[in-house]
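In what follows, a single structure is set out as structure tokens and then discussed.
The chain is numbered in sequence order, starting from 1. Quick note: numbers below take in every heavy atom, side chains included, and nothing from hydrogens, waters or symmetry partners. What you see is a predicted model; the values in this text were computed from it and never measured.
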Amino acid sequence: MFLRLAQQHQEFIQDLVMNLQALTIILQRRGYTAYCYTCGDQMNSASFMVSLGEKHLIRFLVSDYGITWLELWDDRELMKLEGGEAINQLQELANIVKYSYTIELTNCHLLS
């Protein structure tokens, strides 16, 4: 049982890292400064960062040791979340990016 759970956890972390890499690409294409660093080929950890404005920074860390969301404003910590709460906040960021892109597309079609 524990070996199966360990394997599922590793697969979950790898899936999360791949999704962070994809989110990074999307954010960069939309003009945000975003980075996702991984260690090695095994995809068992990542450090994701995105600048949402001049002084607004999001850092998301994932590894076998835990998952952390850290939001900074002017180098001061605004919010720190861990585990499922951190993943929920990451989903909120992805939703905002998706929603803002949908609005941009709608406005482009309306102006055409």
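- Residue-environment remark: CG (D64) exceeds the threshold of 12 foreign heavy atoms within 6.0 Å.
- Using a 4.5 Å cut-off between side-chain heavy atoms of Ile, Leu, Val, Met, Phe, Trp and Tyr, with links allowed through other members, F48 and I87 fall into the same hydrophobic cluster.
- Residues satisfying the side chain to side chain donor-acceptor pair (under 3.5 Å) criterion with N95, sequence neighbours excluded, are Q91.
- Following chains of ILVMFWY side-chain contacts shorter than 4.5 Å, one can reach L20 starting from M18, so the two form part of one hydrophobic cluster.
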For residues 51-63, run the donor-acceptor check on the side chains, cut-off 3.5 Å, and write out each pair with its distance to 0.1 Å, sequence neighbours left out.
unit_1	atom_1	unit_2	atom_2	d
S51	OG	G53	O	2.8
H56	NE2	E71	OE2	2.6
S63	OG	Y65	N	3.1

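- A heavy-atom distance below 4.5 Å is found between the side chains of I25 and R29.
- L72 and W69 fall into different hydrophobic clusters, defined by Ile, Leu, Val, Met, Phe, Trp and Tyr side-chain heavy atoms under 4.5 Å apart, directly or through other members.
- Through direct or relayed side-chain contacts under 4.5 Å between Ile, Leu, Val, Met, Phe, Trp and Tyr, M1 connects to F2, L5.
- I67 places none of its side-chain heavy atoms less than 4.5 Å from the side chain of L90.
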Only distances under 3.5 Å count here; give the side-chain donor-acceptor pairs of residues 31-46 to other protein atoms, sequence neighbours excluded, each with its distance to 0.1 Å.
none

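- Pairs passing the side-chain hydrogen bond (donor to acceptor under 3.5 Å, both in side chains) check and including a residue from residues 2-28, sequence neighbours excluded, read Q7-E11, D15-N19.
- Grouping the Ile, Leu, Val, Met, Phe, Trp and Tyr side chains by contacts below 4.5 angstrom, directly or via other members, places L70 apart from L23.
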Name the atoms and distances for all side-chain donor-acceptor pairs under 3.5 Å in residues 76-86, with sequence neighbours left out.
none

